[in-house]
Amino acid sequence: MSTTTLSPPRDRKAEHIRLALDESLQGPGASAFDDWYFEHNALPEIDFAEIDTSVEFLGKKLSAPLLISAMTGGTGLARAINENLARGAEARRVALALGSQRKALEDVDQVASFAVRELAPSVPLLGNLGAVQLNYGFGLDECRAAIEMIGADALVLHLNVLQEALQPEGNTNFKQLLPAIARLVPQLPVPLVVKEVGAGLSADVARRLAGVGVRHLDTAGRGGTNWVRIEAQRSGDVPLGELFADWGIPTPDSIRAVAAVPGVFVIGSGGLRSGLDVAKALALGADLAGLAFPFLTPATESADAVATRIDRFVRELKIAMLAVGARTIAELQRTPVHKRSSR
């Protein structure tokens, strides 16, 4: 009598962490931000020690306009990563977004990997769900549960069309999501943030979202962690992943497009790898800069490593501000940034 051996279920979140740590699955070596430059100010007439990088976000004061962008949750290693991120964010007073909480809503045993509010009591904490889940049984109750689970200051709904299309277990019904989002906006107890996950938000999408009341948009443009390649690795269809690997709106272009929409708070993310990139993102129109991959390896090490990486970004940002003569973030946002001629 033959027997059938069942393979254990795949841990999608653990696979995501493992693959995201692979440098080859990040964006191209040349950053789109390299195409932009500031005019140097040799006579800035400011004191480096007096440069103020503080901003307000979701009613809380941050030491710098930084958001540690959503990475993970719902698996064993994710708990340690999120705890280190939370401790580091609290120590340096920057905002933190958690990874998709869908798994924790479906399996209560996974809630612990997201429960970091006690470690970061004073900084903005953002919850996270996939917008497409609104077509797969999730609604207002699940959104409220995600918020309550972590004591979130805002809820992120992420748009990940390409990722879902390439994911072996992907959900691909993206019909009527805008009306579903519109119904949520006035009913949620906290602001709603809508973001992409690596392909960028266009001006048209930003206008449509703003038109239904969404006031916080995260560009997550092309240039950062390549979720197309990651999902292609997971599915075993690498050629398909390579076909769409360069798809998307470069982050600087997405920031400028979204910032042109009136009344929108712009989180510029997608491939930012330095404080200089942060400075350029802010000058291009972002109100806050989101970074994920630069914090992933430090988060696997310790909270101190996360804090040290934040310190590095802030120092780089302040040097850029000194060199353009911007004493505050508001002044930096009014500083022209130029695109290089084609080379």
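Values below: every heavy atom of this structure, side chains too, minus hydrogens, waters and symmetry copies. Residues: numbered from 1 along the sequence shown. Predicted model, so just to flag it, every value in this text is computed and none were measured.
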Please lay out, stage by stage, how V337 and Y37 fare under the test side-chain contact (heavy atoms from CB on, under 4.5 Å). CA-CA 6 Å; V337 59; Y37 71 96; 5.9 Å; no
Run the salt bridge (charged side-chain N to carboxylate O under 4.0 Å, His left out) test on E106 and R102 for me, step by step, so that the C-alpha distance in whole Å, both residues' side-chain angles and the decisive distance to 0.1 Å come before the verdict. CA-CA 6 Å; E106 297 172 341; R102 172 188 168 190; 3.3 Å; yes
Where do W227 and L162 land on the side-chain contact (heavy atoms from CB on, under 4.5 Å) test, with the steps shown first? CA-CA 8 Å; W227 289 103; L162 280 177; over 6 Å; no
Please test L276 against W36 for side-chain contact (heavy atoms from CB on, under 4.5 Å), starting from the C-alpha separation and ending with a verdict. CA-CA 10 Å; L276 178 55; W36 294 85; over 6 Å; no
Is there a side-chain contact (heavy atoms from CB on, under 4.5 Å) between Q233 and V238? Walk through the geometry before answering. CA-CA 6 Å; Q233 288 281 342; V238 173; 4.1 Å; yes
Determine whether R117 and E90 satisfy the following criterion, salt bridge (charged side-chain N to carboxylate O under 4.0 Å, His left out), listing intermediate values before the conclusion. CA-CA 10 Å; R117 175 48 95 185; E90 178 70 17; over 6 Å; no
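Cluster membership check: L332 shares its hydrophobic cluster with L288, using side-chain heavy-atom separations under 4.5 Å among Ile, Leu, Val, Met, Phe, Trp and Tyr. Hydrophobic clustering of Ile, Leu, Val, Met, Phe, Trp and Tyr side chains at less than 4.5 Å, counting indirect connections, unites L166 with L243. Cluster annotation: L125 is connected to L157 through the hydrophobic network of ILVMFWY side chains, with a link wherever side-chain heavy atoms come within less than 4.5 Å. L140 and I181 fall within a single hydrophobic cluster, where Ile, Leu, Val, Met, Phe, Trp and Tyr are joined by side-chain heavy atoms under 4.5 Å apart, directly or via other members. Both V116 and I310 are part of a single hydrophobic cluster, where members link through side-chain heavy atoms under 4.5 Å apart.
Using a 4.5 Å heavy-atom cutoff, the side chains of R222 and I249 are not in contact. For the pair L129 and V156, the minimum side-chain heavy-atom distance is 4.5 Å or more. Under the 4.5 Å side-chain criterion, counting only non-hydrogen atoms from C-beta, L282 is in contact with V278. Using a 4.5 Å heavy-atom cutoff, the side chains of V94 and L67 are not in contact. Two residues are said to be in side-chain contact when any heavy atoms from C-beta on lie closer than 4.5 Å; F244 and E231 fail this criterion. No side-chain heavy atom of K280 sits less than 4.5 Å from a side-chain heavy atom of L272. Counting heavy atoms from C-beta on, the side chains of L217 and V214 come closer than 4.5 Å. With contacts defined as side-chain heavy-atom distances shorter than 4.5 Å, the pair L96/L126 does not qualify.
One distance of note links OG of S69 with CZ of F293; it measures 13.5 Å at 0.5 Å rounding. Between the CG atom in L296 and the OG1 atom in T225 there is a gap of 7.5 Å [rounded to 0.5 Å]. Taking CG of N135 as the reference point, atom CG of L177 lies at 4.5 Å (rounded to 0.5 Å). Atom CG of L62 sits about 9.5 Å away from atom OG1 of T53, to the nearest 0.5 Å. Interatomic distance, CG of L178 versus CG of L134, reported as 11.5 Å (0.5 Å rounding). In this structure, CZ on R334 lies 6.0 Å from OG1 on T328, to the nearest 0.5 angstrom.
Residues L322 and P44 come closest through the heavy atom pair O-CB, 3.3 Å. When every heavy atom of F114 is checked against every heavy atom of L98, the shortest pair comes out as O-CD1, 3.4 Å. Residues V261 and A210 come closest through the heavy atom pair CG1-CB, 3.8 Å. In terms of heavy-atom proximity, A292 sits nearest to A70 at CB-O, 4.1 Å. Taking every heavy atom of both residues into account, V306 and G88 meet most closely at CG1-CA, 4.0 Å. Shown here for G271 and S31, the closest heavy-atom pair between the two residues is O-OG, 4.2 Å.
Heavy atoms from other residues, nucleotides or ligands lying under 6.0 Å from CD of E39 number 12 at most. With a 6.0 Å radius and a threshold of 12 heavy atoms from other residues, nucleotides or ligands, R312 has its CZ atom at or below the threshold. Atom NZ of K61 sits in a sparse spot, with 12 or fewer heavy atoms from other residues, nucleotides or ligands closer than 6.0 Å.
A side-chain donor-acceptor contact under 3.5 Å links E164 to the backbone of N171. Listed for the K195 side chain is no donor-acceptor partner under 3.5 Å among the backbone atoms of L159. Formation of a donor-acceptor pair under 3.5 Å by the D287 side chain with backbone atoms of V266 is found in this model. Using a distance-only test at 3.5 Å, with no hydrogens or angles considered, a donor-acceptor pair links the side chain of R309 to the main chain of P294. Between the side chain of S235 and the backbone N or O of Q167 there is no donor-acceptor pair closer than 3.5 Å. For Q187 (side chain) and R183 (main-chain N/O), a donor-acceptor pair under 3.5 Å exists by modelled atom type. The backbone N or O of R340 lies less than 3.5 Å from no partner atom in the side chain of D35, so there is not a single donor-acceptor pair. Checked by atom type and distance alone, the side chain of S254 pairs as donor or acceptor with a backbone atom of L201 at under 3.5 Å. Between the side chain of Q101 and the main chain of A146, a donor-acceptor pair closer than 3.5 Å is present. In terms of modelled atom types and a separation under 3.5 Å, the side chain of Q333 and the main chain of A286 share a donor-acceptor contact.
Between S54 and D52, the side chains place a donor N or O and an acceptor N or O closer than 3.5 Å (distance only, hydrogens not considered). There is no side-chain donor-acceptor pair under 3.5 Å between N160 and E196. A side-chain donor-acceptor contact under 3.5 Å links D218 and S269.
Geometrically, K318 engages F48 in a cation-pi contact defined by less than 6.0 Å to the ring centre and at most 45° from the axis.
The aromatic rings of F57 and F265 sit parallel to each other, their planes meeting at less than 30°, with 60° as the upper class boundary.
A salt bridge links E83 with R79: at least one charged nitrogen is closer than 4.0 Å to a carboxylate oxygen. Salt-bridge formation is detected for the pair R229/E242: a Lys NZ or Arg NE/NH1/NH2 atom is positioned less than 4.0 Å from an Asp or Glu carboxylate oxygen. Salt-bridge annotation for D311 and R315: absent, with no side-chain N of the basic residue lying under 4.0 Å from a carboxylate O of the acidic one.
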